[in-house]
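Here is the structure we will look at.
In what follows, chains are A, B, ... by sequence order, proteins preceding strands, each numbered from 1.
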Number of protein chains: 2
Amino acid sequence: MKAVSPELSVADLRERCHQAGLSLTHQRLVIYEQLMKMGDHPAPEAVFERVRKKIPSLSLATVYNNIKIFVEHGLLRELSVHRGSLRLESNLDPHHHLVCTNCKAIEDIDESDFQPIRLKKALPKGFTVHRFSVEVLGLCSNCAGKIRQ
Amino acid sequence: MKAVSPELSVADLRERCHQAGLSLTHQRLVIYEQLMKMGDHPAPEAVFERVRKKIPSLSLATVYNNIKIFVEHGLLRELSVHRGSLRLESNLDPHHHLVCTNCKAIEDIDESDFQPIRLKKALPKGFTVHRFSVEVLGLCSNCAGKIRQ
DNA sequence: CTAACTGCAAAGTGTTTGCACTCTT
DNA sequence: AAGAGTGCAAACACTTTGCAGTTAG
């Protein structure tokens, strides 16, 4: 449905690992390749299952370890910013969020503070839209001071 | 910084519970009140700590149970749609997401498919914006068939 | 009085860590 | 060889569940 994401080649991976002082192991390579092949925002378990077919001895911990390393080095991004624990919303009015990617703080922004969100193209057939939610991702004033990024 | 969320009153809560055949226990009431008072998208643990001061015998399981019930009855919303597990993004190009709130599937939508996101007002002082991320929340064609909602 | 709820402890998930062994460089 | 990575098992953090006793309606 969507254009394939721009894959970094294995050469890119080698280069990136080298720059970061990381070894390029067979496991690492296969995990990375598999992640690139799976366009659907996989969870670690799903990656594990796939990679296991190529390297049966691979352990789930290695998948986690390497995913973490990839995220830390900017080869991947974590989609689920607030995965740690259940976060609740008591404001049921339409609004959006300001999210600090460092301390995970969330602040509401009124929907009316934005120009209306509009699509140029139709969405995939059959998808029923309930609402749009905009996340403004960045660093809060507190964290911006502490981090160079 | 932001207008207080529109609180449902205790009378509303009583009404909602009644309609749903739920008892309105003291614990339930206090948990609800506390949730409404905490504007900052609390995690269950944070609610627990606060409510405990009023009801020292309260257990964390009761907080979880009631939060779940509140979400099921539309009194609260869960902010962390993908909390269960780590979800990864291999597409590092600017893009947004189509999220099925039922099966949690995520599909990418190109940033260029949207009119540019624009704010009318300035953000709170000191917030450093890295990027905007739009989530189009709804039901995928698959789930839309199975659920009336 | 009865169905629903609470508190506790135990069981589940998903993720991280310590350590001995192995591999990349 | 030396440092980095792997696999395993144990530890963790967060959440859910089963059940006996309690409470709201």
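B:R28 places no side-chain N or O within donor-acceptor distance of the main-chain N or O of B:N66, the cut-off being under 3.5 Å.
You'll find the side chain of A:N142 stays beyond 4.5 Å of the side chain of A:N102, heavy atoms only. No side-chain heavy atom of B:V136 sits less than 4.5 Å from a side-chain heavy atom of B:H96. The shortest distance between side-chain heavy atoms of B:I31 and B:T62 falls below 4.5 Å. Annotation: side chain of A:P124 is in contact with side chain of B:E107 (closest heavy-atom distance under 4.5 Å).
The separation between B:E72 atom CD and C:dC5 atom P is 11 Å, rounded to whole Å. Following rounding to the nearest Å, B:L29 (CG) and D:dA24 (P) show an atom-to-atom distance of 11 Å. Atoms NE2 (B:H82) and P (C:dT13) sit 20 Å apart, rounded to a whole Å. Going from atom CZ of B:R87 over to atom C1' of C:dG14 covers 13 Å, rounded to whole Å. Going from atom CD1 of B:I67 over to atom C1' of D:dT16 covers 13 Å, rounded to whole Å.
For the side chain to side chain donor-acceptor pair (under 3.5 Å) condition, the pairs that include at least one residue of residues 74-84 of chain A, sequence neighbours left out, are A:E78-A:S80, A:E78-A:R83.
Contact check of residues 42-54 of chain A against DNA chain D (heavy atom, cut-off under 4.0 Å) returns no residues at all.
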Test log, rule side chain to side chain donor-acceptor pair (under 3.5 Å), inputs B:H73 and B:Q19
CA-CA 10 Å; B:H73 290 82; B:Q19 283 181 4; over 6 Å; no

Residues A:D108, B:H41; criterion side chain to side chain donor-acceptor pair (under 3.5 Å); working and verdict
CA-CA 9 Å; A:D108 290 356; B:H41 309 276; 2.5 Å; yes

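B:K68 has no side-chain polar atom (N or O) that falls below the 4.0 Å cut-off from OP1 or OP2 of D:dC14.
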Contact state string [nucleotides 4-9 of chain D, B base, S sugar-phosphate only, - no protein heavy atom under 4.0 Å]
SSSBBB

